[in-house]
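Any value given below was found using the heavy atoms of this structure, including those in side chains, with hydrogens, waters and symmetry copies removed.
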Amino acid sequence: MPRTLLAAALIWCLLCTPLAAQEKKAAPKQPPPTVAKLAYGTHERQVLDFWQAKSDKPTPLVLYIHGGGWRNGDKSGLGAAAIEAYRDAGISVAAINYRYIQQAVELKIDPPVKAPLEDAARALQLIRSKSAEWNLDKKRVGATGGSAGACSSLWLAFHDDRADSKSADPVSRESTRLYCAAVDGAQTSLDPKELREWIPNYTYGGHAFGFAKFDDFHANRDKVLPWLKEYSPIEHVTKDDPPIFMNYAGQKAPPVLGEKQTDPTHSAVMGLKLEEKLKAVGVEVILIYPGRTHPEYKNSAAYLIDRLRK
């Protein structure tokens with residue numbers, strides 16, 4: 001087996017661990033970053049770490065966005081095995097922190113989810129602004145993460161470019177578009193109405209829009225519809241979007257649309273609905289879950305290693 005594929009296989013067990021269990025475990029150890037705790041904003045959570053791959057030519061980049069419901073978690077959640085697998089394949093790595101929902105509430109940011117999502121975009125712009133210094137290929141950037149980090153990755157993948165070519169700030173002139181995304185247990189939508197139609201026992205996401213209870217979020221959905229149109233990933237799907245890999249292999253059973261799910265927050269039903277929309281507009285998509293595998297890609301790392309080197 002080629003070394004890069006073997007390295008990806010070694011982190012298979014980590015990537016297949018149920019997301020809830022991952023969040024309870026101590027953060028895995030990491031190799032020392034090439035650049036540590038680089039600020040991309042003024043808040044203490046707006047920092048990133050960067051690990052450079054050795055190469056004579058500009059390298060692709062994996063952007064890791066941690067999970068934790070946008071309420072906890074940390075960039076340290078990306079372990080040494082994953083970082084070294086990417087670097088062995090000639091791919092550099094960045095892992096970011098971002099402002100939590102509760103911090104956005106304290107800062108009176110509406111809706112609160114604006115903070116973690118737009119932080120991810122700003123971090124990517126800063127990274128691209130360092131491309132010459134860090135020997136990066138600006139084009140070949142793939143985002144990855146689990147749960148909320150997966151949702152953030154998909155939002156970046158589908159959203160129109162946030163680059164402002166007329167800005168006096170050179171960082172703001174950088175692109176926020178992705179080359180690809182590979183995600184685990186992703187929330188593909190934040191719209192409570194369609195989520196309840198897809199998954200009757202769905203209860204996640206109200207906090208992202210300032211609601212303590214999902215039922216209140218559902219009842220007031222029309223009042224926050226403009227926010228949903230802006231921050232729900234599936235709302236931004238268009239034919240020019242990058243290829244997507246979605247992994248729900250940690251599920252206990254194949255998904256069934258319209259039925260209760262054992263883990264509704266991370267259900268592959270959401271992947272099925274996004275896959276349907278992506279295929280309708282001609283965007284390349286791979287979706288795996290129990291009962292559906294892929295002959296080449298068993299996890300997000302294997303997909304990113306292959307895709308980013310094409």
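- Residue pairs satisfying the ring pair (Phe, Tyr, Trp, His ring centres under 6.0 Å) criterion with at least one member in residues 108-129, sequence neighbours excluded, are absent.
- Annotation for Asp169: atom CG counts as buried by contact number, over 12 foreign heavy atoms lying within 6.0 Å.
- Proximity of a side-chain donor or acceptor of Thr144 to a complementary backbone N or O of Ala182 within less than 3.5 Å is detected.
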Would you mind writing out the side-chain donor-acceptor pairs for residues 126-133 within the sub-3.5 Å range, not counting sequence neighbours?
unit_1: Arg128; atom_1: NE; unit_2: Lys138; atom_2: O; d: 2.8
unit_1: Arg128; atom_1: NH1; unit_2: Ser175; atom_2: O; d: 2.9
unit_1: Arg128; atom_1: NH1; unit_2: Arg177; atom_2: O; d: 2.9
unit_1: Arg128; atom_1: NH2; unit_2: Lys138; atom_2: O; d: 2.9
unit_1: Arg128; atom_1: NH2; unit_2: Arg177; atom_2: O; d: 2.8
unit_1: Ser129; atom_1: OG; unit_2: Leu126; atom_2: O; d: 2.5
unit_1: Ser131; atom_1: OG; unit_2: Arg128; atom_2: O; d: 3.1

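- For Lys277, the NZ atom sits in a packed shell: over 12 heavy atoms of surrounding residues, nucleotides or ligands are nearer than 6.0 Å.
- Partners of Lys273 by side chain to side chain donor-acceptor pair (under 3.5 Å), not counting sequence neighbours, listed by chain and number: Glu276.
- Looking at residues two or more places apart in sequence or on another chain, you find no side chain to side chain donor-acceptor pair (under 3.5 Å) involving Asp164.
- Legend: salt bridge (Lys or Arg N to Asp or Glu O under 4.0 Å) pairs involving residues 196-210, not counting sequence neighbours, sorted by first then second residue: Lys193-Glu197, Arg196-Asp215.
- Not a single ring pair (Phe, Tyr, Trp, His ring centres under 6.0 Å) links Tyr289 to another residue, sequence neighbours left out.
- Taking a 4.5 Å side-chain heavy-atom cut-off between Ile, Leu, Val, Met, Phe, Trp and Tyr, the cluster of Ile109 extends to Leu107.
- Applying the side chain to side chain donor-acceptor pair (under 3.5 Å) rule to Lys229 yields the partners Glu235; only residues at least two apart in sequence or on another chain are considered.
- Salt bridge status for Glu275 with Arg292: present, with a side-chain N to carboxylate O gap under 4.0 Å.
- At a threshold of 4.5 Å between non-hydrogen side-chain atoms, the residues Tyr248 and Val269 do not count as touching.
- Side chain of Gln30 to main chain of Leu78: a donor-acceptor pair is present (N/O by atom type, distance under 3.5 Å, no hydrogens or angles).
- Within 6.0 Å of NZ on Lys310 lie more than 12 heavy atoms contributed by other residues, nucleotides or ligands.
- Legend: salt bridge (Lys or Arg N to Asp or Glu O under 4.0 Å) pairs involving residues 90-102, not counting sequence neighbours, sorted by first then second residue: Arg99-Asp119.
- Within the structure, ring pair (Phe, Tyr, Trp, His ring centres under 6.0 Å) pairs that include any residue of residues 118-143 comprise Phe50-Trp134 (at least two apart or interchain).
- Pairs of residues two or more places apart, or lying in two chains, that qualify as salt bridge (Lys or Arg N to Asp or Glu O under 4.0 Å) and include a residue from residues 38-55 are Arg45-Asp74, Asp49-Lys75.
- Every residue two or more places apart in sequence or in another chain that forms a side chain to side chain donor-acceptor pair (under 3.5 Å) with Tyr297 is listed here: Asp306.
- Checked against the 6.0 Å centroid threshold, His207 and Phe217 do not count as a close aromatic pair.
- The pair Glu118-Arg162 meets the salt-bridge criterion, since a charged nitrogen lies less than 4.0 angstrom from a carboxylate oxygen.
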